[in-house]
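Notes for the one structure printed next.
Lettering follows sequence order; numbering is per chain, from 1.
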2 protein chains.
Amino acid sequence: MTTSLHHRAIENLGTRIVSGNLPAGHVMLAEQLEVELKVSRSVIREAVRVLQSLGLVETTKRVGIRVLPPSRWNPFDPQVIRWRLASDARGAQLRSLAELRAAVEPAAAELAAQNAPAPLRLELVDVAYAMRDAGHNGEVPRFLELDIQFHSLLLSGSGNEMFANLMGQVAETLTGRTVHGLMPDHPHEAALQWHVDVAEAISRGDSAAAREASDRIMRRTMSQMSDTWTEQPRVFIPVRR
Amino acid sequence: MTTSLHHRAIENLGTRIVSGNLPAGHVMLAEQLEVELKVSRSVIREAVRVLQSLGLVETTKRVGIRVLPPSRWNPFDPQVIRWRLASDARGAQLRSLAELRAAVEPAAAELAAQNAPAPLRLELVDVAYAMRDAGHNGEVPRFLELDIQFHSLLLSGSGNEMFANLMGQVAETLTGRTVHGLMPDHPHEAALQWHVDVAEAISRGDSAAAREASDRIMRRTMSQMSDTWTEQPRVFIPVRR
DNA sequence: GAGTTTTGATGTCTGCACACATCGGTGTCA
DNA sequence: TGACACCGATGTGTGCAGACATCAAAACTC
């Protein structure tokens with residue numbers, strides 16, 4: 001009752017498709033889904049429309065509802081990301097997000113140093129120092145919270161709405177990293193200082209220093225996580241012409 | 001006739017919302033939309049469901065269909081990007097995409113040098129040299145085509161499906177740049193060589209050189225376009241806690 | 001001001017007509 | 001006789017109309 005029926009239908013089909021349970025090329029009939037999910041046609045139709053806009057299925061007359069291959073999915077949609085994180089491809093999704101983050105955050109730091117509003121800069125500095133303290137004291141949950149806030153502020157301060165939109169996904173990777181025990185109780189001392197460096201550089205408008213310090217953080221986290229990813233298969237999306 | 005009714009309804013409402021014609025907070029009634037667009041209720045409902053999944057509207061009982069502020073839109077959705085490119089915010093959208101591209105492409109080049117399949121590397125080299133020739137001969141349309149192909153191959157070769165998915169948007173920015181007369185008839189000589197450098201570096205698996213050459217290309221294009229963007233207002237998305 | 005009732009919009013279900021892609025049969029021609 | 005083009009039957013999504021259920025905002029009562 002808490003969520004609407006069509007929403008539940010979307011979740012059901014979305015998770016099954018992304019998990020590979022419903023493979024690409026598999027065709028379903030609207031009528032069959034009605035009885036399977038025990039909902040009416042209108043609910044099915046609304047759910048299919050949303051899945052269609054996400055690139056997960058296509059509908060063809062006289063054929064039915066066909067599941068599309070992963071290369072057609074919208075990899076930036078929050079729902080698709082969530083479903084992938086809940087599937088066997090969780091590792092590959094985390095790597096993709098981490099690579100994206102590693103590319104974007106230094107650029108965001110550079111832009112934030114140029115454009116961020118003054119209050120945001122001040123808050124960023126406060127959070128960086130609070131992070132350092134929490135890290136020294138081994139307060140893991142508080143450190144995670146501040147870490148998410150720091151990187152959210154950084155992305156938001158870039159003034160690029162696409163960068164800012166990655167906040168949610170970044171939070172996923174950070175929490176995922178701590179939940180999976182990939183974070184030590186006491187974060188690396190240099191990394192803590194680099195966060196402070198980023199905040200201070202942004203605060204004084206030094207875009208080059210901000211980018212460089214952020215880049216250092218990203219390179220460290222990437223090298224830290226790369227060990228666990230080597231076995232993840234990479235997917236090459238063909239070029240559409 | 002070629003497009004379905006619900007698709008036309010999505011286009012109609014999507015363009016009007018993104019253009020600001022239907023401002024944030026504006027509420028509509030499904031019944032009212034039926035008569036306005038002269039379609040049945042089911043068409044309206046399916047369209048609203050899709051717009052809801054894009055974060056453009058929310059539905060509340062007893063209130064209606066409320067338009068959400070831009071901070072809630074999904075800035076990575078291809079439809080949203082297309083609507084923004086067709087609106088007054090075209091400049092801001094192009095800048096966001098260019099900033100994203102500038103951040104991602106060097107990282108993609110680095111990854112491609114490590115992971116790209118052999119045939120893709122060869123094709124990339126061919127395209128780079130073809131680009132250089134087309135640039136020297138002032139064949140503008142052919143150059144644009146090859147330019148798009150080059151950067152598509154690069155992103156695709158990274159093996160990161162999120163990077164690869166930016167192909168379409170990158171094509172938009174490149175065509176938009178030439179259409180708007182921002183491209184000279186004879187591209188910068190050094191830039192042409194940098195493209196070759198990227199391809200060669202990827203071909204021989206030199207990830208550092210690939211990143212550096214790609215970074216040079218990006219820095220040049222950004223500085224080239226920055227003049228036209230200075231007047232575009234930046235939007236700061238608040239941090240959600 | 002707190003609790004209750006009313007109200008009005010979305011949410012869900014159902015039956016029907018239509019459009020149209022696919023498939024198989026029919027007819028024509030070589 | 002065989003190959004091919006045509007064409008109608010069939011099945012499925014698409015669109016429509018109307019009914020009832022649900023639930024939260026708003027009005028009302030105490």
Side-chain angles (χ1 to χ4, degrees), chain A residues 1-17 22-69 72-74 78-79, chain B residues 1-17 21-69 72-74 79:
Chain A
M1 279 305 162
T2 166
T3 65
S4 55
L5 285 182
H6 85 270
H7 190 271
R8 268 188 280 175
I10 291 173
E11 286 292 321
N12 184 318
L13 294 173
T15 48
R16 282 204 282 168
I17 291 173
L22 293 173
H26 182 84
V27 293
M28 303 167 290
L29 274 46
E31 193 183 358
Q32 152 203 344
L33 289 176
E34 289 179 40
V35 299
E36 185 180 332
L37 304 184
K38 290 197 270 289
V39 292
S40 70
R41 270 208 313 288
S42 53
V43 172
I44 294 295
R45 287 170 53 166
E46 289 164 25
V48 168
R49 280 284 127 76
V50 172
L51 296 175
Q52 196 178 25
S53 85
L54 300 182
L56 265 62
V57 302
E58 71 181 355
T59 62
T60 321
K61 283 184 180 180
R62 182 73 171 108
V63 173
I65 302 151
R66 191 195 334 252
V67 176
L68 292 174
R72 300 283 299 277
W73 304 347
N74 180 356
Q79 296 188 101
Chain B
M1 281 304 165
T2 169
T3 65
S4 54
L5 284 182
H6 87 270
H7 190 271
R8 268 188 281 177
I10 291 174
E11 285 293 321
N12 184 318
L13 294 172
T15 49
R16 283 204 282 168
I17 291 172
N21 195 341
L22 293 173
H26 180 83
V27 293
M28 303 166 291
L29 273 48
E31 194 184 358
Q32 152 202 344
L33 289 176
E34 288 181 41
V35 298
E36 186 181 331
L37 303 184
K38 291 196 269 291
V39 291
S40 73
R41 185 143 172 232
S42 55
V43 173
I44 294 294
R45 290 177 53 71
E46 288 165 25
V48 167
R49 279 283 124 76
V50 172
L51 295 174
Q52 196 177 23
S53 86
L54 301 181
L56 264 61
V57 302
E58 71 180 355
T59 60
T60 319
K61 283 188 174 180
R62 180 62 204 241
V63 173
I65 302 152
R66 195 196 327 262
V67 177
L68 292 175
R72 300 283 298 277
W73 304 345
N74 181 357
Q79 296 188 101

Check: For the side chain of A:Lys61 and the base of C:dT22, is some donor closer than 3.5 Å to an acceptor across the two?
Finding: no
Notebook entry, point to check: Which nucleotide, C:dT22, D:dG15, C:dC13, lies nearest any side-chain atom of A:Val63?
Noted result: C:dT22
Next item on the list: Please determine if a side-chain N or O atom of B:Thr59 lies less than 4.0 Å away from the OP1 or OP2 oxygen of C:dG11.
Entry: yes
Notebook entry, point to check: Does the side chain of A:Arg8 pick up a donor-acceptor pair with the side chain of A:Asn12 at under 3.5 Å?
Noted result: no
Next item on the list: Output yes when at least one side-chain N/O atom of B:Arg49 is less than 4.0 Å from OP1 or OP2 of C:dG11, else no.
Entry: yes
Notebook entry, point to check: Between A:Glu34 (CD) and D:dT14 (P), how many Å, whole number?
Noted result: 13 Å
Notebook entry, point to check: What is the distance, rounded to the nearest whole Å, between atom CD1 of B:Ile65 and atom P of C:dG8?
Noted result: 18 Å
Next item on the list: Round to the nearest Å and state the distance from B:Glu31 atom CD to D:dG18 atom C1'.
Entry: 13 Å
Checklist line | Derivation and outcome, side-chain contact (heavy atoms from CB on, under 4.5 Å), residues A:Met28 and A:Leu22 | finding: CA-CA 10 Å; A:Met28 303 167 290; A:Leu22 293 173; 3.9 Å; yes
Next item on the list: Grab the CG-C1' distance between A:Leu5 and C:dT10 for me, whole Å please.
Entry: 13 Å
Notebook entry, point to check: What is the distance from CZ of A:Arg45 to C1' of C:dG15, rounded to the nearest Å?
Noted result: 12 Å
Note to self: Does either side chain, that of A:Arg66 or that of A:His26, offer a donor lying less than 3.5 Å from an acceptor on the other one?
What the structure shows: no
Item checked: Donor-acceptor pair, side chain of A:Gln32 and main chain of A:Leu29, under 3.5 angstrom -> yes
Check: Can a donor-acceptor pair under 3.5 Å be found between the side-chain atoms of B:Arg62 and the base atoms of C:dT10?
Finding: no
Item checked: Gap between atoms CD1 and P, on B:Ile10 and D:dG15 respectively (whole Å) -> 10 Å
Margin query: Quiz question: going by heavy-atom distance under 3.5 Å, is there a donor-acceptor pair between the base of C:dG15 and the side chain of A:Arg41?
Written below: yes
Checklist line | Atom-to-atom span, CD of B:Glu46 to C1' of D:dG13 - whole angstrom | finding: 10 Å
Next item on the list: Could you check B:Gln52 against A:Thr60 and say which one's nearest nucleotide on DNA chain C is further toward the 5' end?
Entry: B:Gln52
Item checked: Closest non-hydrogen atom pair, A:Leu56 against A:Gly14 -> CD2-CA, 4.1 Å
Next item on the list: Quickly work out the A:Arg66 CZ to D:dT12 P distance and round it to whole Å.
Entry: 14 Å
Next item on the list: Using only side-chain N and O atoms of B:Ser40, determine if any of them is under 4.0 Å from OP1 or OP2 of D:dG15.
Entry: no
